[in-house]
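Working notes, beginning with the structure itself.
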Amino acid sequence: MAIKRIELLNVPIDILSPGNLEEVLLGLLERPGTKQIVFLNIWDLLKARRNSKFRECLVNADLVLPVSKSIIKGANKLQLAPPVRYNPFSTIISCLSILDSHYKSLYLFGGRKRALSKAEKNVHATFPNVRLVGRYVGNYSKDMESDIIAAMYKASPSFVLVSDGVSEKDCWAYNRRNKFSSSLFLYNKDIINIFAKRTKRISSSLFDKGMEIWIEILHNPLKIFLFLPYIWYNLLLLWCKLSKKNEQ
């Protein structure tokens, strides 16, 4: 199989070679029902350990791709099969390229009105064969949700990019999975603003070095406190490693 699923600290992670991404993505698009790809960082991994609903979302996701270098190191420490780390922006671009080459459809969901409009124009200019079948802003009023769902259902997009302003984030699609006929959902907070050129994406060189957290701290100094859960993550890995040794 192209995908191998492992569990790190009881949280599912999928191992997928980038060379098999197109085959897997097209296979998912052909399947009926709601499908989902999730980008997983260590903060989400820790959240899944304490939030059963979020963990349920990950367990049922079709593809859980690790984006944190710490997840790769954690799997190595516990001598698990080595996962492949994915750059969210590059992966989304690869997905859109696959959609473009196979004339698939796209729905954009999230962001503010001007950013969403600019993102739509830029996506269309870069991927002219992708059919943009709808869009809707984030931070919408609750009484509009039924109309949004009805519009998505009617448009039946191949792929839905979910972004800033959708409060349930990855869980939005999962919590409404029975309301769509056949779409693949992927959430990334910044992607609409990046496409609209309002947010600068993290460079590939910084991402490859695992330094993306420092960019986030520069933008929001309070994120320095993320090092506390990072320490907890490493303590959990140590405990798990020692427990395995005792069992042996």
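Any value given below was found using the heavy atoms of this structure, including those in side chains, with hydrogens, waters and symmetry copies removed.
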### Task
Before giving the answer on side chain to side chain donor-acceptor pair (under 3.5 Å), spell out for Y174 and E56 the whole-Å C-alpha distance, their side-chain angles and the decisive distance to 0.1 Å.
CA-CA 9 Å; Y174 178 69; E56 182 182 314; 2.6 Å; yes
### Query
Got a second to check how far C95's SG is from D100's CG, nearest 0.5 Å?
12.5 Å
### Message
Quick check for you: to the nearest 0.5 Å, what is the distance between L58 atom CG and N51 atom CG?
### Response
9.5 Å
### Query
Distance only, no hydrogens: is a donor on one side chain within 3.5 Å (strictly under) of an acceptor on the other, for S203 and S205?
yes
#### Entry: L29 versus S158, closest heavy-atom pair with distance
CD2-O, 3.2 Å
### Query
Quick one: does R49's side chain have a donor or acceptor within less than 3.5 Å of a partner on D44's backbone?
no
### Task
Taking all heavy atoms of L21 and all of S94, pick out the closest pair and write down the distance.
CD2-CB, 3.9 Å
### Task
Would you please test R114 and E120 for salt bridge (Lys or Arg N to Asp or Glu O under 4.0 Å) and show each step?
CA-CA 10 Å; R114 288 186 179 180; E120 182 181 28; over 6 Å; no
### Query
Got more than 12 heavy atoms from elsewhere within 6.0 Å of OH, Y140?
yes
### Message
Using side-chain heavy atoms (C-beta onward) and a distance below 4.5 Å, is F195 in contact with F89?
### Response
yes
### Message
Any heavy-atom pair between the side chains of Q36 and C57 that's under 4.5 Å?
### Response
yes
### Message
Does the structure place the NZ or CZ of K169 under 6.0 Å from the centre of the six-membered ring of Y187, at an angle of no more than 45° from the ring's axis?
### Response
no
### Query
What do the steps show when you test R85 against I71 for side-chain contact (heavy atoms from CB on, under 4.5 Å), and what is the final call?
CA-CA 8 Å; R85 182 175 177 234; I71 290 179; over 6 Å; no
### Task
Flag yes if I231 and Y233 sit in one hydrophobic cluster, no otherwise; membership is Ile, Leu, Val, Met, Phe, Trp, Tyr, and two members link when side-chain heavy atoms are under 4.5 Å apart.
yes
### Task
Take F185 and F180 through the ring-ring contact (aromatic ring centres under 6.0 Å, His included) test and state the conclusion after the steps.
CA-CA 11 Å; F185 289 78; F180 303 105; 5.0 Å; yes
#### Entry: Nearest atoms (heavy-atom pairs only) where H102 meets E22
NE2-OE2, 2.9 Å
### Message
Applying side-chain contact (heavy atoms from CB on, under 4.5 Å) to N10 and E7, what does each step give before you reach the verdict?
### Response
CA-CA 5 Å; N10 296 318; E7 283 199 351; 3.9 Å; yes
#### Entry: Donor-acceptor under 3.5 Å (S101 side chain, I98 main chain)
yes
### Message
Test your reading of the model: is there a side-chain donor-acceptor pair from T91 to the backbone of N87, 3.5 Å cut-off?
### Response
yes
### Heavy-atom closest contact (G110 atom, L116 atom, distance)
O-CD1, 3.5 Å
### Message
Within the 4.5 Å heavy-atom criterion, are L63 and V24 side-chain neighbours or not?
### Response
yes
### Query
Taking L8 as the fixed residue, which of I42, L236, L45, I72 is the one that meets the side chain to side chain contact (heavy atoms under 4.5 Å, CB included) rule?
L45
### Residue pair W172, F109: steps toward the ring-ring contact (aromatic ring centres under 6.0 Å, His included) verdict
CA-CA 11 Å; W172 190 90; F109 182 31; 4.9 Å; yes
### Task
Evaluate the side-chain proximity of S183 to F159: yes if any heavy-atom separation is below 4.5 Å, no if none is.
no
### Message
Please determine whether residues L9 and L228 belong to a single hydrophobic cluster, defined as Ile, Leu, Val, Met, Phe, Trp and Tyr linked transitively by side-chain heavy-atom distances below 4.5 Å.
### Response
yes
### Query
So, S182 versus K35: side-chain donor-acceptor pair below 3.5 Å or not?
yes
#### Entry: Sub-4.5 Å side-chain heavy-atom contact between N188 and S163
no
### Task
Using a strict cut-off of less than 4.0 Å between a Lys/Arg side-chain nitrogen and an Asp/Glu carboxylate oxygen, indicate whether E145 and R176 qualify as a salt bridge.
yes
### Query
Which is it for N175 and K53 under the side chain to side chain donor-acceptor pair (under 3.5 Å) test, yes or no, and what are the steps along the way?
CA-CA 9 Å; N175 290 338; K53 285 289 184 183; over 6 Å; no
### Query
Are L237 and L235 grouped together when hydrophobic residues (ILVMFWY) are joined by side-chain heavy atoms under 4.5 angstrom apart?
yes
### Query
Taking C-beta and beyond as the side chain, do R112 and V137 meet within less than 4.5 Å on heavy atoms?
no
### Query
CG of N60 to CZ of R55: how many Å apart, nearest 0.5 Å?
10.0 Å
### Query
Which pair of heavy atoms, one from P229 and one from W43, lies closest together, and at what distance?
CG-CZ3, 4.0 Å
#### Entry: Side chains of K104 and N129, donor plus acceptor under 3.5 Å
no
### For P157 against V133, the heavy-atom pair lying closest together
CB-CG2, 3.7 Å
### Message
I'd like to know if the side chain of D14 and the backbone of I3 have a donor-acceptor N/O pair within less than 3.5 Å.
### Response
no
### Task
Would you mind checking if D62 and R31 are paired as a salt bridge, meaning a charged N to carboxylate O distance below 4.0 Å?
yes
### Query
Quick one: do M144 and Y107 end up in the same hydrophobic cluster if we chain Ile, Leu, Val, Met, Phe, Trp and Tyr together by side-chain heavy atoms under 4.5 Å apart?
yes
### Query
Going through the distances and angles, do S68 and K73 end up as a side-chain contact (heavy atoms from CB on, under 4.5 Å)?
CA-CA 9 Å; S68 292; K73 290 180 179 178; over 6 Å; no
### Task
State, yes or no, whether a side-chain contact exists between N122 and F127 at a heavy-atom distance under 4.5 Å.
no
### Query
Going through the distances and angles, do L186 and V160 end up as a side-chain contact (heavy atoms from CB on, under 4.5 Å)?
CA-CA 6 Å; L186 188 155; V160 182; over 6 Å; no
### Query
Do Y153 and S181 come close enough that some side-chain heavy atom pair is under 4.5 Å?
yes
### Message
Let me check something: do L40 and V59 share a hydrophobic cluster, defined by ILVMFWY side-chain heavy atoms less than 4.5 Å apart, either directly or through other members?
### Response
no
